[in-house]
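Throughout, a chain's letter reflects where its sequence line sits, starting with A, and its residues are numbered from 1. Side-chain atoms are counted along with the backbone in the values below, which use heavy atoms only and exclude waters and symmetry mates.
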Amino acid sequence: MRATQLFFPTLREVPSEAEMISHKLLLRGGFIRRVGAGIYDYLPLGYRVIKRIERIVREEMDAQGAQELLMPMLIPAELYQETGRWQEDVLFRLKDRADREYALGFTHEEVITDIVRRDVRSYRELPLNLYQIQTKGRDEPRPRGGVVRGREFIMLDAYSFDRSYEDMDLAYEKMRTAFSRIIARCGLDAIVVEAESGAIGGKENEEFMILADSGEDTVLRCANCGYAANAERCEVGRRDAGRPRVGKQDLRLVDTPGQRTIEEVTQFLGKRPEELVKTLIYKAGDRVIAALVRGDRDLNESKLARLLEVKRVEMADAETIESVTGAEVGFAGPIGLNNVKIIADWEVASMTDFVVGANKTDAHYVGANLDRDFKVDLWGDIRIASEGDPCPRCSGTLNSLRAIEIAHIFKLGTLYSEAMGAKFLDSDGREKPFVMGCYGIGVSRMLAAIPEVFNDADGMIWPISVAPFEVVVLLLNPEDDQQCNAAARVYEDLQLRGVDVLLDDRDERPGVKFKDADLIGIPIQVVCGRLASEGKVEVKLRAGGDKEQIDLGAAPSRVIQLRESLYQRLEEKADAVSVRRT
RNA sequence: CGGGGCGUAGCGCAGUUUGGUCAGCGCGCUAGUUUUGGGAACUAGAGGUCGCGAGUUCAAAUCUCGCCGCCCCGACCA
């Protein structure tokens with residue numbers, strides 16, 4: 001491809017819409033443009049990267065025996081209604097001229113299950129793994145970071161169908177391998193963490209996380225044993241619990257007029273947040289409960305819901321809180337709270353002489369102690385894990401890291417097949433629901449995650465496997481015949497040898513070409529400049545290293561050698577992650 | 001949905017406090033000349049419903065009200 005034929009509008013200045021590094025660079029490099037909030041164009045360079053990522057995805061999915069198909073993105077309401085997901089608030093809903101309802105597909109469990117329930121009858125047709133690469137629509141509450149979280153995005157979604165949980169586990173492991181290899185071949189290092197399953201459901205699930213300070217997610221990892229989990233899910237180890245020490249202080253009621261928040265109360269009483277116990281009133285199904293965590297901690301609603309064996313819990317409204325506590329919001333406490341169940345985080349068990357709300361407007365208790373002043377009905381791990389917390393698996397501590405979630409895999413079991421009546425006849429002559437798994441990778445998110453990790457002050461640095469071009473030939477002065485001839489020769493030779501090469505033949509000054517080449521991050525650069533008069537060109541890696549001066553005739557072979565070694569490195573990386581456990 | 005910020009030429013911004021002297025600057029773009037190893041110089045140009053609507057006023061980018069859009073933080077989230 002000649003640069004004079006290529007549409008890649010680069011920008012010298014960063015559009016003010018961008019905050020994340022990858023977003024700025026993708027805009028500046030002419031890879032993407034914004035159409036609306038969370039809606040983007042993929043310009044030629046960006047789309048080239050997308051296509052190369054998709055190709056890697058297809059190769060690895062096919063290698064694991066998965067088959068590609070394509071489902072609609074316009075989904076009749078009835079399908080989502082079958083499983084109750086028509087209520088999901090991320091759904092983009094629309095109506096046709098006859099007032100029939102549809103949604104844009106946001107994930108396709110119902111659609112794929114519908115395919116399989118119609119046409120798969122026997123265990124002999126299993127296992128089955130079907131995937132698609134498709135644009136999804138989700139009415140995200142807050143799109144972010146350009147193509148990192150769009151309301152429309154390209155995703156690989158795969159679905160496995162098996163006759164048993166054992167077979168599902170095998171399918172899951174295969175997808176785990178495929179995903180690990182895909183991510184490695186794209187040059188990235190992922191850590192696999194335990195996660196919440198959210199709107200997809202199912203029990204076991206893992207996310208593939210790319211470490212990046214700008215990431216939206218927090219991962220906690222134990223350096224000692226390797227346990228890693230999304231902060232939404234992460235368990236907290238229990239230390240020193242179950243043996244409440246006796247406090248020294250008597251219980252005292254103190255006036256705290258208008259002091260409601262932890263910050264206000266600590267300031268007013270001259271205490272630290274760790275000396276308070278927060279009492280949160282929640283609705284769990286039709287019950288109201290009180291949950292206790294240390295003042296500086298956050299409650300994890302998913303953990304609380306699991307402990308109480310309900311689907312979800314939600315904060316009680318002001319009216320409920322007032323009727324339960326007999327006080328205005330901001331003064332709830334466990335003492336004298338008789339008609340609701342009290343659930344406490346393990347950590348509270350080791351606290352003494354703490355501050356709690358008094359269930360009386362404008363008052364708190366100080367010197368509160370367990371058992372003596374109130375009883376806890378149920379203990380559990382109900383807080384959000386954070387930096388420095390004890391590891392739940394060993395004696396180590398957890399470190400907190402920021403990350404971008406690039407993929408998520410789920411063991412669904414029979415969640416969808418039962419809801420939708422998708423059954424097959426097993427070898428024992430019985431009808432059974434399919435045992436399913438589902439697996440997603442954010443393809444367009446990968447377009448952002450890669451330069452988020454690989455960049456420098458001059459721009460992006462694409463791994464060769466996904467680069468928009470493998471090589472760029474910089475013709476510095478298109479009016480110099482020797483330079484032109486050298487550039488044409490290298491360009492044509494590389495093309496003949498199957499290299500994806502861009503020739504910068506634009507009528508621009510050398511500085512512009514160097515800057516653009518660096519910005520768009522093509523991994524191998526060949527410079528045809530002054531040295532052409534001596535029959536030489538320069539070859540350089542974008543990622544760094546010296547410029548090599550090479551005889552014109554030898555240049556294409558040298559480029560191909562470099563190219564092969566770059567691919568080699570990525571292959572080795574993929575092999576390393578696919579043998580390392582699963 | 002809560003909090004904060006922004007909206008003036010393709011991009012980045014000044015001007016808004018104190019209404020008039022206000023349609024400006026840099027980059028980019030067009031033409032010409034010179035230039036050609038890290039975002040060239042000069043000359044001459046093109047380009048704007050100042051987000052939209054209503055109002056106040058002799059006069060509105062500037063003041064008032066309403067609306068729309070976008071970004072960031074939080075909530076939420078595959």
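Separating the C1' atom of B:rC13 from that of B:rG28 is a span of 14 Å, rounded to the nearest Å. Only the P atoms considered, B:rC71 is 47 Å distant from B:rU35, to the nearest whole Å. Atom C1' of B:rC50 sits at a distance of 15 Å from the matching atom of B:rG19, rounded to the whole Å. Rounded to a whole angstrom, the distance from the C1' atom of B:rC70 to that of B:rG51 is 10 Å. For the P atoms, the distance from B:rG39 to B:rA44 is 25 Å, rounded to whole Å. Nucleotides B:rU49 and B:rA9, compared at atom P, are 9 Å apart to the nearest Å. Comparing the C1' positions of B:rG48 and B:rG12 gives an interatomic distance of 16 Å, to the nearest angstrom. B:rG26 and B:rC67 have their C1' atoms separated by 34 Å, given to the nearest Å.
When heavy atoms are screened at a 4.0 angstrom cut-off, A:P15 is found touching the sugar-phosphate backbone but no base atom. Within the nucleic acid shown, A:G145 comes within 4.0 Å of sugar-phosphate atoms alone, with no base atom in reach, counting heavy atoms only. Nucleic acid contact class of A:F153 (heavy atoms, under 4.0 Å, all strands): base. Residue-level contact check: A:E538 touches the bases, meaning some heavy atom is under 4.0 Å from a base atom. Using a 4.0 Å heavy-atom distance criterion, A:G440 is classed as making no nucleic acid contact. Contacts of A:L531 with the nucleic acid, taken as non-hydrogen atoms under 4.0 Å apart, include base atoms.
Counting to the nearest Å, the P atom of B:rC77 and the CZ atom of A:F92 are 17 Å from each other. Between A:R149 atom CZ and B:rC70 atom P there is a gap of 17 Å when expressed in whole angstrom units. If you take CD of A:E216 and P of B:rC77, they are 13 Å apart, rounded to a whole angstrom. Distance CZ (A:R151) to C1' (B:rC71): 14 Å, rounded to an integer number of Å. With rounding to whole Å, A:Y40 atom OH is found 10 Å from B:rC70 atom C1'. Rounded to an integer number of Å, the gap from A:I384 CD1 to B:rC77 C1' is 14 Å. The NZ atom of A:K513 sits 13 Å away from the C1' atom of B:rG38 (whole-angstrom rounding).
Between A:K411 and A:D169, at least one side-chain nitrogen of the basic residue sits less than 4.0 Å from a carboxylate oxygen of the acidic one, meeting the salt-bridge criterion. Using a 4.0 Å cut-off between charged nitrogen and carboxylate oxygen, A:D551 and A:R558 do not count as a salt-bridge pair. The pair A:R85-A:E110 meets the salt-bridge criterion, with a side-chain N (NZ, NE, NH1 or NH2) lying under 4.0 Å from an Asp/Glu carboxylate O. Ion pair A:K513/A:E508 not flagged as a salt bridge, since none of the NZ, NE, NH1 or NH2 atoms sits closer than 4.0 Å to an Asp/Glu carboxylate oxygen. Using a 4.0 Å cut-off between charged side-chain N and carboxylate O, A:R260 and A:E328 make a salt bridge. Salt-bridge annotation for A:K136 and A:E152: absent, with no side-chain N of the basic residue lying under 4.0 Å from a carboxylate O of the acidic one.
Side chain of A:E479, nearest nucleotide from B:rG39, B:rC70, B:rU36: B:rU36. Nearest nucleotide to the side chain of A:L11, out of B:rC11, B:rG39, B:rC72: B:rC11. Closest to the side chain of A:K515, from the set B:rG38, B:rU36, B:rG37, is B:rG38. Proximity note for A:D518 (side chain, C-beta onward) versus B:rC11, B:rG37, B:rG38: the nearest is B:rG38. Distances from the side chain of A:R509 to the nucleotides B:rU35, B:rG37, B:rC72 place B:rU35 closest.
Judged by distance alone with a 3.5 Å cut-off, no donor-acceptor contact links the side chain of A:R142 to the base of B:rC77. For B:rG28, the base has no donor-acceptor partner in the side chain of A:E13 [N/O atoms by modelled type, under 3.5 angstrom]. The base of B:rG38 lies outside donor-acceptor range of the side chain of A:E508, with no N or O pair under 3.5 Å. For A:D516 against B:rG39, a side-chain N or O and a base N or O form a donor-acceptor pair under 3.5 Å.
Map A:M155 and A:Q525 each onto its nearest nucleotide of RNA chain B; the residue landing nearer the 5' end is A:Q525.
Between the side chains of A:E109 and A:T107, at least one donor N or O lies within less than 3.5 Å of an accepting N or O.
For residues 511-533 of chain A, no pair satisfies ring pair (Phe, Tyr, Trp, His ring centres under 6.0 Å), with sequence neighbours left out.
Partner assigned to B:rG32 is B:rC42, using Watson-Crick or G-U wobble distances below 3.5 angstrom. In a base pair of the Watson-Crick type (N1 to N3 plus N6-O4 or O6-N4) or a G-U wobble (N1-O2 and O6-N3), with each distance short of 3.5 Å, B:rC13 is matched with B:rG24. Using N1 to N3 plus N6-O4 or O6-N4 for Watson-Crick, or N1-O2 and O6-N3 for G-U wobble, each under 3.5 Å, B:rC63 pairs with B:rG55. Using Watson-Crick or G-U wobble geometry with both donor-acceptor distances under 3.5 Å, B:rG19 finds no partner in any strand shown. Searching all strands for a Watson-Crick or G-U wobble partner of B:rC1 with both distances below 3.5 Å returns B:rG74.
At B:rC77, none of the side-chain N or O atoms of A:R144 fall inside 4.0 Å of OP1 or OP2 (strictly under the cut-off). The side chain of A:S16 places no N or O atom within less than 4.0 Å of a non-bridging phosphate oxygen (OP1 or OP2) of B:rC71. The side chain of A:R12 contributes no N or O atom lying less than 4.0 Å from OP1 or OP2 of B:rC27.
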